[in-house]
Protein chains: 2
Amino acid sequence: MLSRELIVDTALRLVGQQGAEALTVRRLGTALGADPSAVYRYFHSTDDLLLAIAEELIARAQDGWQATGNWRADLREIGLRIHAGYRAHPQAALLAAHRTTGRTHEIAAVEAILGILRTAGFPDREAVRIYHAFVDQSLGFAVLDAAALALPAAAQSADQRVWHASYARLDAGTHPHIAATAHLLAADMGRSAYQFALDLLLDAAEARLAAAR
Amino acid sequence: MLSRELIVDTALRLVGQQGAEALTVRRLGTALGADPSAVYRYFHSTDDLLLAIAEELIARAQDGWQATGNWRADLREIGLRIHAGYRAHPQAALLAAHRTTGRTHEIAAVEAILGILRTAGFPDREAVRIYHAFVDQSLGFAVLDAAALALPAAAQSADQRVWHASYARLDAGTHPHIAATAHLLAADMGRSAYQFALDLLLDAAEARLAAAR
DNA sequence: TGTACTACGTCAATTGCGTTGTCCTACGCT
DNA sequence: AGCGTAGGACAACGCAATTGACGTAGTACA
C-alpha cells in the first residue's frame with residue numbers, strides 16, 4: 001500500500017543513494033515495487049512530488065526548534081539548521097532548494113523568521129528585506145555546498161587539489177595577492193563560508209537596527 | 001559549415017530567445033539548419049557543450065572590467081557582474097557555478113578580488129575569509145536566481161502566484177507577521193535579494209575594517 | 001588519373017523519460 | 001446482492017540524448 005509519505009521517503013532514500021539523476025518516476029516505481037504510473041495516484045506530477053520533497057526537507061530542518069527570545073541567536077540557529085538540513089541531502093537539496101512550496105512547513109518557517117525580525121524592532125519593510133536576504137543567502141550557500149558534496153569523490157578531491165596545486169604555485173610577480181595568501185586560501189576553501197557570511201549578515205542587520213533607533 | 005563557436009553562439013541565442021528548456025540537441029540542430037547528431041561531431045556530449053558555454057560566460061562577465069581604486073565600489077561591481085552574467089544564462093549557470101576550474105579567467109578574478117581587499121587594508125586572514133564569503137555568496141545567489149529563471153514558464157508563474165494567493169490570504173490570528181507584511185512580501189519576493197545581501201556584506205566588511213584600525 | 005583517406009552531415013535505431021487512458025480487482029456501503 | 005470507487009497494472013504516445021552505419025565531397029599522394 002502506497003502513500004504520499006512512503007513515496008517521499010523512498011524518493012529521498014533513492015536520491016541519497018543513487019544521486020539526483022535517479023529521481024525518475026520509473027525508478028521510483030521500481031524502488032517502491034510498484035508500477036511507475038501508481039505514483040500519479042498520489043502526486044499530480046513529478047514537479048508536485050518535488051515540492052513535497054522540498055517541504056519535507058523544510059520540516060526536518062525546523063523540527064524541534066524553540067525560540068529563545070534573542071533575535072540574533074534565534075536567526076543564527078535557524079540559518080544553521082537550514083544549511084545543515086539541506087547539506088544532509090545534497091542531491092535532493094540541489095533539486096528542491098529553489099522552489100517555493102507555499103505549504104504549511106514553509107509558511108511556518110516564514111512566519112517564525114518574520115516574527116523574530118519584527119519583534120526585534122525592525123520596521124516591516126526592513127524586516128521583509130532582511131528576511132528575503134537571509135533566506136536566500138542560506139539556501140544559496142546550501143545549494144552551493146550541497147553541489148560540492150554531491151560531486152563524485154574523485155571530482156571532489158580534484159577540486160580541492162586545485163588550491164594546493166594550481167594556486168599555490170602561481171608566480172608572485174604576476175599574481176602577488178594569491179601568492180601571499182595561498183596557504184590561507186588552501187585552508188579556508190576546504191570549509192563552507194556560510195557561518196562567516198551569516199555572521200556578517202547579522203552584524204550588518206544589527207548595525208541597521210541600532211542606527212534606526 | 002558548423003563549428004564549435006557557431007554552435008555555442010547559436011545555443012546562447014536559442015536560450016536567450018526561447019528560454020532554458022529550448023536547449024536540446026534536437027532544437028539546436030533545427031536552429032543550426034542541421035541534423036541534431038551533427039552537434040556530436042564537435043562536442044562529446046551535451047555536458048561538454050555546456051562547459052564550453054560556461055567558459056564563454058566567464059569570459060563575457062570579466063570583459064572590460066576596470067578597477068577604480070575604491071574597494072567597496074570595485075567589489076560591488078564585480079559581484080553584480082558575476083550575478084548578472086550567470087543570470088543571463090540560467091541553465092548553464094546551474095551546471096557551472098559550483099565548479100572550481102582553476103583556469104585563467106577564474107585565477108584572474110581571484111587575484112583581482114584579493115588585491116582589492118588587501119589593498120584596502122584587510123589583513124591577509126581577513127581578506128581570505130571575506131573573499132570566500134563574497135564569492136560564494138555571489139555564486140549562491142546566482143545559482144538560486146538562475147534556477148528560478150530556468151524553470152518552465154508554468155512553474156515560474158506558479159511560484160510567483162504563491163505569494164499573492166497562499167500567503168496573502170493567511171489568517172492574521174494564526175500568522176500575524178505574514179498577514180501584516182503580505183503586500184511587502186509579494187512585492188519583494190519577485191525580485192532578487194542579491195543586491196541587498198551584497199550591500200549588507202559590504203557594510204559588515206567596512207565595519208570590521210574600521211574596527212581593526 | 002586513380003586510390004585512399006578524412007571531414008562533415010544524414011539517417012535510422014536504441015534507450016529512457018513523463019504522462020495518459022484503459023483495464024482489473026478488491027473493498028466498503030446501501 | 002449490487003455497485004461505486006480507490007488503488008494499482010498495463011500499454012502506448014511523444015520527446016529526449018546518444019550512437020553507429022552510411023553517403024558525399026574534397027584532398028593528399030603515387
Side-chain angles (χ1 to χ4, degrees), chain A residues 1-56 91-92 94-96 98-99 101 150 152, chain B residues 1-54 89-96 147 149-159:
Chain A
M1 185 69 171
L2 301 180
S3 70
R4 286 178 67 99
E5 281 189 5
L6 177 61
I7 293 175
V8 167
D9 286 348
T10 305
L12 275 177
R13 185 168 45 78
L14 198 62
V15 165
Q17 288 171 352
Q18 303 185 22
E21 73 279 6
L23 189 61
T24 73
V25 179
R26 296 173 123 87
R27 297 203 213 179
L28 189 51
T30 304
L32 287 163
D35 190 88
S37 65
V39 172
Y40 290 94
R41 295 279 177 204
Y42 299 88
F43 296 96
H44 174 260
S45 65
T46 48
D47 197 63
D48 189 21
L49 169 59
L50 194 59
L51 290 182
I53 292 174
E55 180 74 356
E56 177 67 20
Q91 292 87 356
L94 280 176
L95 297 170
H98 59 85
R99 299 307 307 272
T101 71
Chain B
M1 182 69 169
L2 302 179
S3 69
R4 285 178 67 98
E5 278 188 7
L6 176 61
I7 293 174
V8 167
D9 287 348
T10 304
L12 281 176
R13 184 168 46 78
L14 197 62
V15 165
Q17 288 172 351
Q18 303 186 23
E21 71 277 12
L23 189 60
T24 73
V25 178
R26 297 167 110 87
R27 300 203 210 178
L28 189 50
T30 304
L32 287 163
D35 190 88
S37 62
V39 172
Y40 291 97
R41 295 277 177 207
Y42 299 88
F43 297 96
H44 173 261
S45 65
T46 47
D47 196 64
D48 188 21
L49 168 60
L50 274 158
L51 287 181
I53 293 174
H89 302 278
Q91 71 303 325
L94 279 176
L95 294 168
L149 291 174
L151 245 37
Q156 226 172 111
S157 60
D159 271 16

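In what follows, chains are A, B, ... by sequence order, proteins preceding strands, each numbered from 1.
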The side chain of B:Asp35 is closest to which nucleotide in this list: D:dG7, D:dA17, C:dT10?
C:dT10
CG of A:Leu2 versus P of D:dG8: gap in Å, rounded?
4 Å
Using heavy-atom distances to pick each residue's nearest nucleotide on DNA chain D, tell me which of A:Ala34 and B:Asp47 is more 5'.
A:Ala34
Atom-to-atom span, CD of B:Glu21 to P of C:dG18 - whole angstrom
17 Å
CD (A:Glu5) with more than 12 external heavy atoms under 6.0 Å:
no
Test item: A:Arg4 side-chain N/O and A:Tyr42 main-chain N/O as donor-acceptor pair under 3.5 Å
yes
Phosphate OP1/OP2 of D:dG8 contacted by A:Ser37 side-chain N/O (<4.0 Å):
no
What is the separation between atom CG on A:Leu28 and atom P on C:dG16, rounded to the nearest whole Å?
17 Å
A:Leu32 atom CG is separated from D:dG8 atom P, nearest whole Å, by 10 Å
Measuring from atom OG1 of A:Thr10 to atom CZ of A:Arg27, what distance do you get when rounded to the nearest 0.5 angstrom?
15.5 Å
Taking OP1 and OP2 of D:dG8, is either one under 4.0 Å from a side-chain nitrogen or oxygen of A:Tyr40?
no
Can you tell me if A:Ser45 touches the phosphate of C:dG18, counting only side-chain N or O atoms and a distance under 4.0 Å to OP1 or OP2?
no
To the nearest Å, how far apart are A:Tyr42 OH and D:dG8 C1'?
8 Å
Point-to-point distance, once rounded to the nearest 0.5 Å, from CD1 of B:Ile7 to CG of B:Leu12
12.5 Å
Just how far, in rounded Å, is C1' of D:dA16 from CG of B:Leu49?
15 Å
Nearest whole angstrom, please: distance from the P of C:dG18 to the CZ of A:Arg41.
18 Å
State whether B:Arg26 places a side-chain N or O below 4.0 Å from either non-bridging phosphate oxygen (OP1 or OP2) of D:dA16.
yes
Rounded to whole Å, how long is the line connecting atom CZ of B:Arg4 with atom C1' of C:dC8?
16 Å
What's the shortest heavy-atom distance between A:Asp47 and A:Arg99, and which atoms?
OD1-NH1, 2.6 Å
Could you check whether B:Phe43 gets within reach of a base, just the sugar-phosphate, or nothing at all, counting any heavy atom under 4.0 Å?
nothing
Check whether any side-chain nitrogen or oxygen of B:Arg27 sits under 4.0 Å from OP1 or OP2 of D:dC15, and answer yes or no.
no
